[in-house]
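Quick note on labels: first sequence line is chain A, next is B, and so on, each numbered from 1.
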Amino acid sequence: MADPTAPAAGEQIPVTVLTGYLGAGKTTLLNRILTEQHGRKYAVVINEFGELGVDNDLVVDSDEEVFEMNNGCICCTVRGDLIRIVGGLMKRRDKFDGIIIETTGLANPAPVAQTFFVDDGVKAKTRLDAIVTVVDAKHLPARLDDSHEAQDQIAFADVIVLNKTDLVTPEELEEVERRIRAINRFATIHRTQRAAVPIDQVLDRGAFDLSRILAMQPDFLTDDEHEHNDDVGSMSFEVERPIDPEKFNAWIGGLLADKGQDLLRTKGILAYANDNRRFAFQAVHMIADGDFIGPWKDGDPRRSKIVFIGRNLNRPQLRRGFEACQAD
Amino acid sequence: MSGASLSPPKGPAFLVETRGVTRDLGAFVVAAAFDRSGDLAAFALGDGTLRLVEPAASSGAWRSAEAHDGAVLSLCPDHAPGRFLTGGDDGQFRRVRADGVAATLDKFGMKWVEHVACHAGGGGADKPVLACSVGKHVHLYDAEGGKLKTLEHPSTVTGLVFDAKGKRVAASHYNGATLWFVAAKTDSPRRLEWKGSHTGIAIHPAGDAVVTAMQENALHGWRLADGQHMRMSGYPSKTESMAFTRGGKWLATSGADAMVLWPFFGGGPMGKAPTELAGGDGVVCTRVAAHPQQEMVAGGFQDGLVVLAEIGSSRILPVVPPGNGPVTALAWDRTGTVLAVGTETGYAALIDFAKR
């Protein structure tokens with residue numbers, strides 16, 4: 001075959017999703033990634049409303065086409081254009097090492113993420129690496145007040161590039177970071193000017209890799225109370241006794257079916273009774289994915305953890321539900 | 001399932017070993033086609049080239065044409081012998097001649113030219129018509145490449161096909177398909193509606209029905225006489241390849257671990273079970289190609305296996321053994337004498353079925 005350094009045929013190509021409002025610095029970050037000397041080549045999927053030109057060999061111009069799956073799941077929307085584009089790009093897969101998808105400013109990240117869970121062809125050839133959200137430190141508070149999309153972009157993010165920090169006072173910066181944390185305590189935040197963030201902090205994060213789930217949440221248990229309203233918040237729970245898989249499947253299945261529209265992202269690491277292996281679990285809205293990810297390390301406490309990011313999270317109900325999954 | 005079981009290595013001999021010519025083309029084979037005369041085969045590749053060869057020439061001089069700066073996305077024979085039409089991810093709609101010279105017919109910037117089609121004229125249509133799809137638009141051209149008209153759809157076109165007479169052109173997209181009269185002065189298309197993402201299209205040779213493949217591993221059809229819906233489901237994966245048999249008796253489809261053939265006679269496929277051919281190995285069929293003259297279908301599978309199945313008897317003839325990568329291209333020449341095979345890993349074969 002043509003290029004010996006090209007990804008092997010069986011290898012999944014990593015995909016990074018870049019979200020953020022117009023003017024936040026998304027394209028600046030994209031151009032940084034593309035011009036940095038990292039010896040890798042990326043295929044870039046942009047939309048026709050992009051703010052600046054993108055200088056790259058392989059740029060695909062796409063209309064974001066979101067459609068509902070006919071599977072009875074009302075929030076199961078996917079990006080049809082991405083399914084086609086990934087299929088097309090795979091015909092020349094030896095020409096690039098990764099795919100970066102830039103979404104329009106107002107885009108809801110859910111359909112992009114769900115595409116990587118729902119479509120078998122996309123799943124076989126690529127893996128969603130991380131959702132990176134670029135926000136403007138000065139204008140984010142106003143955006144969060146007036147739009148669901150701004151909240152959703154924060155809520156879905158694995159990495160948040162808090163950009164244009166030179167345009168705000170230190171107090172304002174603290175406040176905007178507090179508001180981000182109130183929505184999503186689990187994303188990594190980078191404070192930047194002109195989107196200057198080390199590229200390795202943005203790419204190859206493995207944020208949707210089951211074996212790395214929950215690896216990047218240092219403040220896992222420092223919950224603060226969240227009000228039950230339409231704003232997005234995040235919660236985590238931990239239990240001591242092993243989990244009964246049947247009870248957990250029944251509970252989480254029902255919960256996602258019932259509340260999946262409000263639950264943006266769910267992640268968990270579970271210790272099953274009578275099993276030496278860790279079970280990792282994740283969901284985007286109603287679409288779930290889980291697998292064993294190797295044994296617990298000797299000496300590590302075998303505690304099961306679960307994290308929810310979403311709207312109308314009912315803490316007592318979620319806690320009771322998770323606790324009731326423990327084996328008798 | 002019916003059909004003979006194949007169990008290599010001990011099993012039957014594969015025809016390619018005695019009647020085939022093979023090549024490693026070094027890039028994803030996107031499509032294969034024969035020109036209108038049937039004397040020239042073309043393989044469209046992910047590296048942007050078209051590989052051309054005359055199957056009859058035993059010396060087998062394969063030529064390479066630089067068709068696109070990127071990947072070739074679509075390929076079909078042009079209206080006249082010795083030429084092909086291609087679409088690429090470089091936004092170009094091109095014509096490639098037998099000598100390897102390519103000319104641009106139209107260009108669309110960064111937009112991909114995802115589908116091409118051509119009707120050679122004759123039959124019901126007077127003149128040849130060329131077509132390509134770019135995003136939501138289907139562009140129609142005359143034989144010289146002069147633009148005739150642009151047909152707009154509600155969302156990106158995912159499949160494009162002329163009817164057998166060349167009078168109508170059909171395009172699949174979200175929430176259904178659209179059927180246009182090529183020659184109509186006022187473009188008042190017939191909208192065939194069904195909610196969901198339709199990802200490919202076929203039209204019955206007698207114009208009885210339009211069938212689309214869907215994202216949800218099913219087919220949807222419309223009987224054109226009365227608009228009756230047809231739903232054909234049960235596939236474990238998406239149908240990427242569909243072909244009506246010559247008389248339109250059967251619709252052969254990929255997407256299951258057998259070639260799945262739906263009956264389009266005696267009232268159509270509604271309420272009937274399809275015929276399954278060459279199944280039982282648990283390997284997904286990725287391409288089908290109906291024989292242009294007889295009730296036979298060639299099928300290519302995920303593991304590289306290619307077989308020829310006779311529909312009436314369910315007899316299976318092994319053509320290419322597994323091991324050359326998922327089959328991504330399969331095409332018959334005009335008379336059904338030569339079969340072209342291409343795979344994801346760049347394997348290409350031409351198999352000669354002529355009587356000896």
Exercise. Can you tell which of A:V60, A:I83, A:D120, A:V59 has the highest number of heavy-atom pairs within less than 4.5 Å of chain B?
Worked result: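 Most heavy-atom pairs under 4.5 Å with chain B: A:V60.
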
For this session: Examine the side chains of A:R84 and B:T158 and answer whether a donor and an acceptor come within less than 3.5 Å of each other.
Result: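 Side-chain D/A pair, A:R84 to B:T158: absent.
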
For this session: Could you tell me whether the side chains of B:S155 and A:E65 share a donor-acceptor contact shorter than 3.5 Å?
Result: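 No, because no side-chain N or O of B:S155 sits under 3.5 Å from a partner of the opposite role on A:E65.
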
Exceeds 12 heavy-atom contacts within 6.0 angstrom, atom [atom1] of [X]:
X      : atom1 : value
A:K259 : NZ    : no
A:D289 : CG    : yes
A:R40  : CZ    : no

Exercise. Side chain, backbone, both or neither: which part of B:E114 has a non-hydrogen atom closer than 4.5 Å to chain A?
Worked result: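 Just the side chain, heavy atoms under 4.5 Å.
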
Exercise. Checking heavy atoms, do the side chain of B:P154, its backbone, both or neither come under 4.5 Å from chain A?
Worked result: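 Nothing of B:P154, per the 4.5 Å heavy-atom cut-off to chain A.
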
Problem set entry | B:W112 CH2 to A:D81 CG distance, which is reported to the nearest 0.5 Å |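 Atom-to-atom, B:W112:CH2 and A:D81:CG are 10.0 Å apart.
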
Exercise. CD of A:E68 to CG of B:N175: how many Å apart, nearest 0.5 Å?
Worked result: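 Rounded to the nearest 0.5 Å, the CD-CG separation comes to 9.5 Å.
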
For this session: Check each atom of A:I85 against the heavy atoms of chain B and say whether the ones under 4.5 Å are side chain, backbone, both or neither.
Result: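 Both backbone and side chain.
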
Exercise. Which bit of A:D119 comes within less than 4.5 Å of chain B, counting heavy atoms only: side chain, backbone, both or neither?
Worked result: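 A:D119 touches chain B through backbone and side-chain heavy atoms alike.
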
Problem set entry | Heavy-atom side-chain proximity of B:K195 to A:F67 below 4.5 angstrom |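 Heavy-atom side-chain distance check fails, nothing below 4.5 Å.
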
Exercise. Can a salt bridge be assigned to the pair B:D47 and A:K91 using a cut-off of 4.0 Å between side-chain N and carboxylate O?
Worked result: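 Not counted as a salt bridge, because no side-chain N and carboxylate O are separated by less than 4.0 Å.
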
For this session: May I have the step-by-step check of side-chain contact (heavy atoms from CB on, under 4.5 Å) for A:R92 and B:D89, ending in yes or no?
Result: CA-CA 10 Å; A:R92 47 195 275 181; B:D89 64 9; 2.7 Å; yes

